[in-house]
2 protein chains.
Amino acid sequence: MSRPRGRPAGAQGLSRDAILSAALDLLGEDGASLGMRSLAARMGVTPMSLYRHVGDHASLLQALSERVYGEVLEEVDDGADAPARVRALLTRYHDAVGRHPQLTLAIFAEPAALAGTAQRITERLTGLLAAITPEYLLWRDILVDHAHGSGLALCAARGDGAQLDTMRAQYQRALDCMLERLTGLAAGGPG
Amino acid sequence: MSRPRGRPAGAQGLSRDAILSAALDLLGEDGASLGMRSLAARMGVTPMSLYRHVGDHASLLQALSERVYGEVLEEVDDGADAPARVRALLTRYHDAVGRHPQLTLAIFAEPAALAGTAQRITERLTGLLAAITPEYLLWRDILVDHAHGSGLALCAARGDGAQLDTMRAQYQRALDCMLERLTGLAAGGPG
DNA sequence: ACCTGAACACCGTTCAAGT
DNA sequence: ACCTGAACACCGTTCAAGT
């Protein structure tokens with residue numbers, strides 16, 4: 001029973017990329033937490049096979065977070081004005097949380113995993129806000145913290161697709177409300 | 001070696017209250033996560049002794065969150081106006097996160113643990129905001145999400161006392177800024 | 001009623017094979 | 001270079017004693 005020891009004969013082997021993709025798939029399923037053993041089982045492989053490709057569990061988490069949150073920075077809409085770009089950047093960030101709530105929760109528990117990417121996102125946001133208001137540091141903190149908190153609510157509602165759409169719309173409303181106050185436009189009235 | 005089986009002769013036994021207090025102490029220490037085994041070890045007792053008093057790990061978490069976050073509602077300053085009471089309530093909530101970041105992170109991963117208490121806090125906040133603005137639901141979401149996100153940053157900076165004070169002050173500034181926009185007072189200028 | 005050890009089904013990770 | 005099983009030090013939890 002079970003496979004013989006040593007490298008399998010005809011197998012084409014694992015790849016770091018395939019492991020990361022499988023890990024995101026696994027995290028997307030209901031109630032599945034990202035374990036080295038469950039990830040290995042899903043790939044039909046021994047837990048230890050993973051270590052050569054993705055390092056230990058913390059490294060795996062870091063690689064996943066860079067892949068997911070690195071995409072947030074890929075947006076380019078340099079033509080738009082600063083408030084619109086702030087809006088787009090935060091929406092992308094918030095969406096990334098909604099797409100991978102379990103990963104985000106794991107990162108929150110081990111904040112070093114996101115350090116580099118998070119800093120780059122924050123820097124871009126800071127630059128955009130500086131063009132809008134002299135109180136850009138205060139508003140950067142407000143917008144980032146609010147995005148995190150709203151993302152946390154997304155995490156708590158993991159799995160429920162319909163509710164997720166509602167919450168995404170609520171985030172848009174809240175974000176618009178704050179951007180209006182921030183830019184001083186103070187649009188129309190309530191309702 | 002080790003103790004004999006059965007109930008120890010002279011021991012006065014465990015109490016639910018003592019266990020919960022010890023659990024909060026344990027969570028307050030650096031890098032200590034709340035395990036049944038580590039908690040039992042700290043109390044000089046077998047892991048299984050705890051189950052009779054606090055139930056399983058999820059129940060323990062829930063009991064702790066009710067103890068910590070229940071205090072948030074104990075505030076009474078009925079004389080103050082609604083914005084001041086909103087400010088006090090959110091500040092207490094935020095402080096509770098800062099005092100128990102590890103517990104809060106554990107709750108975030110298992111949101112059912114806080115369900116009851118969180119709802120009561122949200123209800124009181126909603127009532128207060130309804131007296132201030134017709135857009136009270138929008139602002140309730142904004143303020144709650146922002147408090148959570150800022151609390152999350154507190155969790156990430158766990159342990160560092162000086163930084164904690166700075167972050168608490170930053171939260172006050174952000175909260176004041178939003179309450180000004182919310183009440184329409186629009187105080188002075190930047191700086 | 002209350003606490004115990006042994007046991008079960010899990011973890012992440014090290015290490016020494018094996019091909 | 002790459003994958004393997006066995007082993008180690010952990011988990012939470014069940015169960016059947018023991019007092």
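To find a chain, count down the sequence lines: A is the first, B the second, and so on, and within it residues start at 1.
When the nucleotides D:dT4, C:dG5, D:dC2 are ranked by their closest atom to the side chain of A:Thr46, D:dT4 comes out on top.
Side-chain contact check for A:Ser150 and A:His94: at least one donor-acceptor pair (N or O, by modelled atom type) lies under 3.5 Å.
Using a 4.5 Å heavy-atom threshold, the side chains of A:Met167 and A:Gln172 count as separate. Taking the side chain as every heavy atom from C-beta outward, B:Leu129 and B:Leu182 approach each other to under 4.5 Å. Taking 4.5 Å as the limit, every side-chain heavy atom of B:Val68 sits out of range of all side-chain heavy atoms of B:Thr117. Residues B:Leu60 and B:Leu39 form a side-chain contact, since some pair of their non-hydrogen atoms from C-beta on lies under 4.5 Å apart.
The side chain of A:Ser49 places an N or O atom within less than 4.0 Å of a non-bridging phosphate oxygen (OP1 or OP2) of D:dT4. Listed pair B:His53 / C:dC3 meets the phosphate criterion, a side-chain N or O lying under 4.0 Å from OP1 or OP2.
We find that CG of A:Leu14 is positioned 16 Å from P of D:dA1, with the value rounded to whole Å. Rounded to an integer number of Å, the gap from CE of A:Met43 to C1' of D:dT4 is 17 Å.
The stretch residues 120-153 of chain B participates, sequence neighbours left out, in these ring pair (Phe, Tyr, Trp, His ring centres under 6.0 Å) pairs: B:Tyr93-B:His148, B:Phe108-B:His148, B:His146-B:Tyr171.
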* Please step through side-chain contact (heavy atoms from CB on, under 4.5 Å) for the pair A:His100 and A:Leu27, ending with a clear verdict. => CA-CA 7 Å; A:His100 305 283; A:Leu27 274 171; 5.8 Å; no
* To do: Both distances under 3.5 Å, Watson-Crick or G-U wobble: on that basis, could you give the dot-bracket string for DNA chain C, with [ ] for crossing pairs and | for other-strand partners?
  => ||.|||||...|||||.||
* Going 5' to 3' through nucleotides 9-14 of chain C, assign each nucleotide B (protein heavy atom under 4.0 Å from a base atom), S (under 4.0 Å only from sugar-phosphate atoms) or - (no protein heavy atom that close). => --BBBB
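With salt bridges taken as basic N to acidic carboxylate O contacts below 4.0 Å, none links B:Asp176 and B:Arg181.
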